[in-house]
Amino acid sequence: MSGAVSKTFIKDMTEGSPIKLIIGFAVPMLMGMLFQQFYSMVDTIIVGKCLGVEALAAVGSTGAVGFMVNGFVIGICSGFAIPVAQQFGAQDYKEMRRFVANAAWLSVLLSVVMTVAISRLTRDILILMQTPENIIQGAYNYIFYIFLGIPVTFLYNLLAGVIRSLGDSKTPVYFLVFSSILNIGLDLFFILAVGTGIAGAAYATVISQAVSGMLCFFYMRKKFEILKMGREEIQLSGSHIKTLCMMGIPMGLQYSITAIGSVVIQAAINSLGSVAVASVAAAQKASLIFCCPFDALGGTMATYAGQNVGARKLDRIEQGIRSATLLGSIYSLAACAVMYFFGEWILKLFIDSSETVVLYQARQYLIYGSMFFIFLTFVNVWRFTIQGLGYSGFAVLAGVCEMIGRAFVGFVIVPKFGYIAVCFASPLAWFMADLFLVPAFGYCIRRLRIRFQCEDGKERGKEARKMVYQVHG
């Protein structure tokens, strides 16, 4: 291995106190996620303060469809990074470089196809989602340019995934912090100085992400000599592309399946008018910050479960899931209290104080959602644990349960009860996923116990036969 490559460090989570290990692993992940949310919040804060409620509603109305597309990209790139990490761990650097090269070719192809197709369909999608007439042009002006930036979304997420696969988890976060600061400056420049309106927020986001992607590229060229490729290593390979697709596409679909339910809910919100859209947009941005600890706990449990199932320590997995659920439950109560007492002040980051109706409705959304954060604890902790156990299909089915819950509220409950039903869409989705995940975890543990017992029985049989052969010559 070249001395220019940082040493890969894998935290051993198979020994020691589960709760201490989980906290120690989750906190650094949380810091990175908070910066990611900060990155996405900037547009909303500046648009809401500088351009008003209708502009805020226009940006907010695109959140679900934006997540469906960009989440698919993020999931695919995360999947592409898996075989890179595996070959790096196996010290098969030639294969590793071939996976990196073919991931790049695939990303170029997918980014072009997705950009052309989705940008051409953007207005039709907004119409299908019942975007109110007074904000549809603003929504189009924003999300169209975000979709034109799909290639830079691929650029950053693919390169950041490769860097993390080679053992460097901090540098992508540093670049994300830098791009967040740049995003603020560009938002103010385009919106206030140039006067580009809502489209300026999209310009700022795309340019900032492009800069962070290029920083990753130049950093990789300088630091990782091991990635320098020969002519044969950059050639397309059917077997490598097949492996990458098998890893990446299911992970992308997992994001998109969950997002479909959010798109249905967004359409239902859009049908209630721009005030409801602005209320939910502001509340969701505030809520996402408070949801980061659940995401960090989930990511931690995937690693924790994966290491311990490899070590055949199923009892430690059960201890760990109880510890993580306890931590999440305690945090849920604290977050609910903060939302109740300080939610209005948090919302004023996005909404002018004079918009009393929007503030009131957004606070309703925050409080009712946070009352059921304990359901979200189970969704993230138990779903990611199941993924770590190797049963990722069950985790995808949990996403289907969430989609059904949100779709039911969007199609049936919102038309009957109006805005208040929107506040309970996510809690119902979380609850439906939990009804599936809790018994699914028990099933997975039982299957693993049976498998390990069978494997141990075979090993004992081999040892017994070996001893017989030794005795009888």
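Looking only at atom types and distance, the side chain of T377 has no donor-acceptor partner in the side chain of S329 under 3.5 Å away. No hydrogens or angles considered: nothing links the side chains of S179 and Q209 as a donor-acceptor pair under 3.5 Å. Side-chain N/O atoms of Q137 and R123 include a donor and acceptor closer than 3.5 Å.
From I46, atom CD1 reaches atom CD1 of I184 across 6.5 Å, with rounding to the nearest 0.5 Å. Separation of atoms OH (Y219) and CD1 (I163) is listed at 6.5 Å; rounding is to 0.5 Å. Within the model, atoms CG of L215 and CE of M220 stand 13.0 Å from one another, a figure rounded to the nearest 0.5 Å. Considering CD1 of I317 and CG of L448, their distance stands at 7.0 Å, rounded to 0.5 Å. Distance CD1/I146 to OG1/T122: 11.0 Å, rounded to 0.5 Å. Atom CD1 of I374 sits about 8.5 Å away from atom OG1 of T325, to the nearest 0.5 Å.
Residues L176 and Y156 are in side-chain contact: their nearest non-hydrogen atoms beyond the backbone lie under 4.5 Å apart. Looking at M301 and W382, their side chains never come closer than 4.5 Å, going by heavy atoms from C-beta outward. R406 is listed as a side-chain neighbour of S262, based on a closest heavy-atom distance under 4.5 Å. Side-chain contact check for V264 versus M129: every heavy-atom pair is 4.5 Å or farther apart. Side chains of F178 and S212 form no contact here, defined as non-hydrogen atoms less than 4.5 Å apart. The shortest distance between side-chain heavy atoms of K20 and I23 does not fall below 4.5 Å. Taking 4.5 Å as the limit, every side-chain heavy atom of V65 sits out of range of all side-chain heavy atoms of Q266. Here the side chains of L297 and N380 are not in contact, with every heavy-atom distance at 4.5 Å or above.
Between F373 and W430, the angle of the ring planes lies from 30° to 60°, which puts this pair in the tilted group.
Within a 6.0 Å radius of CZ in F411, other residues, nucleotides and ligands contribute 12 heavy atoms or fewer. Residue R447 places its CZ atom among 12 or fewer non-hydrogen atoms of other residues, nucleotides or ligands, all under 6.0 Å distant. In the displayed structure, F190 atom CZ is contacted under 6.0 Å by more than 12 heavy atoms of other residues, nucleotides or ligands. Counted within 6.0 Å of CZ on F144, heavy atoms from surrounding residues, nucleotides or ligands total more than 12; the atom is thus considered enclosed.
Aromatic pair F375/F372: centroids less than 6.0 angstrom apart.
Across all non-hydrogen atoms, the minimal contact from V277 to A57 is CG1-O, 3.1 Å. The shortest non-hydrogen separation linking I198 to A58 is CD1-CB, 3.8 Å. The two residues A398 and L437 make their nearest non-hydrogen contact at CB-CD2, 3.6 Å. Between C245 and L106, the shortest heavy-atom distance links the atoms SG-CD1, 3.9 Å. Minimum interatomic distance between T131 and I136 (heavy atoms only, all atoms of both residues): CG2-CA, 3.8 Å. When all heavy atoms of D187 and A204 are compared, the closest pair comes out as OD1-CB, 3.3 Å.
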L327 and Y331: CA distance, side-chain angles, deciding distance, side chain to side chain contact (heavy atoms under 4.5 Å, CB included) verdict: CA-CA 6 Å; L327 286 170; Y331 170 76; over 6 Å; no
Chi angles and distances behind the side chain to side chain contact (heavy atoms under 4.5 Å, CB included) call for F424, V409: CA-CA 8 Å; F424 293 96; V409 173; over 6 Å; no
Step-by-step side chain to side chain contact (heavy atoms under 4.5 Å, CB included) determination, R449 to L314: CA-CA 8 Å; R449 289 192 192 281; L314 299 184; 3.4 Å; yes
From CA spacing to verdict: salt bridge (charged side-chain N to carboxylate O under 4.0 Å, His left out), D434, R383: CA-CA 9 Å; D434 292 340; R383 175 167 58 192; over 6 Å; no
Stepwise side chain to side chain donor-acceptor pair (under 3.5 Å) test for D315 and Q319: CA-CA 6 Å; D315 290 339; Q319 292 172 8; over 6 Å; no
Step-by-step side chain to side chain contact (heavy atoms under 4.5 Å, CB included) determination, S370 to F290: CA-CA 9 Å; S370 65; F290 285 86; over 6 Å; no
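Using modelled atom types, no side-chain atom of N102 and backbone atom of I241 make a donor-acceptor pair closer than 3.5 Å. For R316 (side chain) and P18 (main-chain N/O), no donor-acceptor pair under 3.5 Å exists by modelled atom type. Distance alone, capped at 3.5 Å, is enough to place a donor-acceptor pair between the S111 side chain and the S107 backbone. Formation of a donor-acceptor pair under 3.5 Å by the E233 side chain with backbone atoms of G230 is found in this model. Without hydrogens or angle criteria, S119 side chain to T115 main chain gives a donor-acceptor distance under 3.5 Å.
Salt bridge present: E15 and K313 bring a charged side-chain N and a carboxylate O closer than 4.0 Å. Look at K94 and E232 and you find a salt bridge, because one of the NZ, NE, NH1 or NH2 atoms lies within 4.0 Å of a carboxylate O, short of that distance. With salt bridges taken as basic N to acidic carboxylate O contacts below 4.0 Å, none links R322 and E318.
For residues 99-121, the set of pairs meeting the ring pair (Phe, Tyr, Trp, His ring centres under 6.0 Å) definition, not counting sequence neighbours, comprises F99-H240.
For R98, there are no salt bridge (Lys or Arg N to Asp or Glu O under 4.0 Å) partners at least two apart in sequence or on another chain. Checked against ring pair (Phe, Tyr, Trp, His ring centres under 6.0 Å), Y443 has the following partners two or more places apart in sequence or in another chain: F394.
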